[in-house]
Amino acid sequence: MNNIGYRNLLIQYIDRQEPDQPILTAQITQYAAREAHLDEAEVRKAVNVNMARLEKAGRIIRIEKGVYCKRVKTAFGYYVPNRETLFCRRLLYDGDDVIGYETGLSVLNRLGLVSQMPKKKCIATNLHTKRVPTGIQVEIRRPPVDIDRFNYRYLQILDVVRELDDAPVDAVRPEELLKGTVKTLELDTDVLIFMARKFYDPRVLIKTIDIVLGGLYEAARG
């Protein structure tokens, strides 16, 4: 495939991305190799050359080495997503796959459990060994198990349960609020309890059972 073919292939990929979606050289190389039916090593140089040309032509913006985003024209000029937004998205998604979720005080705040808003966003991710760039207010945590599209909501809720006792919770009925969230998200309570038993300590398991059973478990134990 010649350079013109690669250029069109890369433009097709770029045009399908959202403005806040980081475009990684590694991912677009995989895409080009798959579409061209070639090995990644055979297309890598051509991809790098064409990405540089597309940046020069104003199609994309280079955020850092190996990371780009679409250049989107608005009424106020060109939109460039926040570096922190792009970094967080890399921790949360790998293409269409979910690899992370927000956790910590910011989630408790969003759920209405605490009024305090932390300075740093906290993300549990499969990329927990990744270094946080200077100036980005993000804390990375290792998840209790590899995250995927099926389990991330369950893990996020169980993290909240784990932090209830130590967080500055000022909601009137936090357990009821959390039980309502489980219902709103349509989570399977059997799966929630199973994951609490398998991946969290016994305190989280007991509290999870108490929450989903509406206090009946604690009453029976007492």
Side-chain angles (χ1 to χ4, degrees), residues 10 13-32 40-41 44-45 47-74 76-111 113-149 151-153 155-160 162-163 166-168:
L10 301 190
Y13 180 92
I14 291 164
D15 285 347
R16 290 203 297 264
Q17 308 308 307
E18 297 295 327
D20 287 332
Q21 175 68 40
I23 299 170
L24 308 184
T25 301
Q27 289 180 344
I28 204 166
T29 299
Q30 291 174 357
Y31 169 79
E40 290 182 34
R44 185 172 291 111
K45 183 177 180 180
V47 168
N48 289 336
V49 169
N50 279 276
M51 290 294 280
R53 290 175 179 172
L54 290 171
E55 181 191 6
K56 189 174 181 180
R59 283 270 189 170
I60 55 177
I61 299 170
R62 185 177 182 273
I63 304 299
E64 58 185 77
K65 185 178 179 180
V67 183
Y68 299 83
C69 68
K70 285 172 66 172
R71 195 170 189 228
V72 181
K73 191 172 184 180
T74 71
F76 305 99
Y78 286 96
Y79 169 72
V80 180
N82 180 285
R83 283 180 68 241
E84 186 169 303
T85 300
L86 283 173
F87 181 72
C88 289
R89 193 165 178 85
R90 290 171 64 188
L91 300 176
L92 296 171
Y93 302 101
D94 181 8
D96 293 330
D97 297 326
V98 176
I99 61 169
Y101 58 87
E102 190 176 351
T103 188
L105 276 182
S106 58
V107 172
L108 273 71
N109 174 271
R110 184 152 47 84
L111 293 178
L113 292 164
V114 302
S115 55
Q116 179 181 333
M117 187 62 187
K119 293 180 180 179
K120 280 188 176 183
K121 183 177 291 187
C122 185
I123 294 177
T125 176
N126 295 344
L127 301 179
H128 53 85
T129 59
K130 196 168 187 64
R131 183 182 65 84
V132 179
T134 303
I136 291 182
Q137 297 298 306
V138 175
E139 176 190 344
I140 295 178
R141 291 185 184 176
R142 181 174 185 166
V145 65
D146 281 350
I147 300 163
D148 57 37
R149 185 171 294 279
N151 68 17
Y152 81 102
R153 287 293 190 193
L155 296 172
Q156 190 175 48
I157 291 296
L158 290 171
D159 280 7
V160 171
R162 181 181 60 198
E163 295 176 21
D166 298 322

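Numbering of residues begins at 1 and proceeds along the displayed sequence.
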key: Separation between CG of Asn48 and CD1 of Ile28, rounded to the nearest 0.5 Å   = 10.5 Å
query = Under a 4.5 Å cut-off applied to non-hydrogen side-chain atoms, are Arg110 and Ser106 in contact?
reply = no
key: Side-chain touch Glu139/Lys121, heavy atoms, less than 4.5 angstrom   = no
Result of checking Arg71, Lys70, Arg59 against Asp15 for salt bridge (charged side-chain N to carboxylate O under 4.0 Å, His left out) = Arg59
ask   = Can you check whether Lys130 reaches Leu91 side chain to side chain, under 4.5 Å on heavy atoms?
value = yes
inquiry  = Within the structure provided, determine whether Val67 and Ile23 are in side-chain contact (heavy-atom separation under 4.5 Å).
reply    = no
key: Full working for side-chain contact (heavy atoms from CB on, under 4.5 Å) between Leu54 and Ile14   = CA-CA 10 Å; Leu54 290 171; Ile14 291 164; 3.8 Å; yes
request  = State, to 0.1 Å, how close Val132 and Phe87 come at their nearest heavy-atom pair, and which atoms those are.
outcome  = CA-CZ, 3.9 Å
key: Criterion side-chain contact (heavy atoms from CB on, under 4.5 Å) on Met51 and Leu10, from CA distance to verdict   = CA-CA 8 Å; Met51 290 294 280; Leu10 301 190; 4.0 Å; yes
query = Can you name the closest pair of heavy atoms from Arg89 and Pro22 and give their distance?
reply = CD-CD, 3.6 Å
query = If you measure from CG on Leu86 to CZ on Arg83, what distance do you get to the nearest 0.5 Å?
reply = 9.0 Å
request  = Show the numbers, then the answer: is there a side-chain contact (heavy atoms from CB on, under 4.5 Å) between Gln27 and Tyr31?
outcome  = CA-CA 6 Å; Gln27 289 180 344; Tyr31 169 79; over 6 Å; no
key: Inter-residue atom distance Asp94.CG - Ile147.CD1, 0.5 Å rounding   = 12.5 Å
query = Given side chains that start at C-beta, do those of Tyr68 and Leu24 come closer than 4.5 Å, heavy atoms only?
reply = no
message = Measuring only between side-chain heavy atoms, which start at C-beta, is Ile140 closer than 4.5 Å to Ile123?
response = no
inquiry  = To the nearest 0.5 Å, what is the distance between OG1 on Thr134 and CD1 on Ile136?
reply    = 8.5 Å
task = Please name the pair of heavy atoms, one in Glu84 and one in Gln137, separated by the smallest distance, quoted to 0.1 Å.
result = OE1-N, 3.0 Å
key: Backbone N/O of Leu105 and side chain of Gln116: donor-acceptor pair under 3.5 Å   = no
key: From CZ (Arg142) to OG1 (Thr125), nearest 0.5 Å   = 12.0 Å
task = For the pair Val138 and Lys120, evaluate side-chain contact (heavy atoms from CB on, under 4.5 Å) and give the outcome as yes or no after the intermediate values.
result = CA-CA 5 Å; Val138 175; Lys120 280 188 176 183; over 6 Å; no
remark   = Note: Ala167 and Val114 closest approach over all heavy atoms is CB-CG1, 4.5 Å
query = Any side-chain heavy-atom pair from Arg141 and His128 closer than 4.5 angstrom?
reply = no
task = Look only at the side chain of Asn151 and the backbone of Asp146, and say whether a donor-acceptor pair between them is shorter than 3.5 Å.
result = yes
Atom CD of Glu18 with >12 non-hydrogen neighbours under 6.0 angstrom = no
task = Quick one: pull up CG in Asn109 and OG in Ser115 and give me the separation to the nearest 0.5 Å.
result = 7.5 Å
note = With Leu155 as partner, the option from Val145, Asp148, Val160 fulfilling side-chain contact (heavy atoms from CB on, under 4.5 Å) is Val145
query = So, do Tyr152 and Ile99 sit near enough that their side-chain heavy atoms are less than 4.5 Å apart?
reply = no
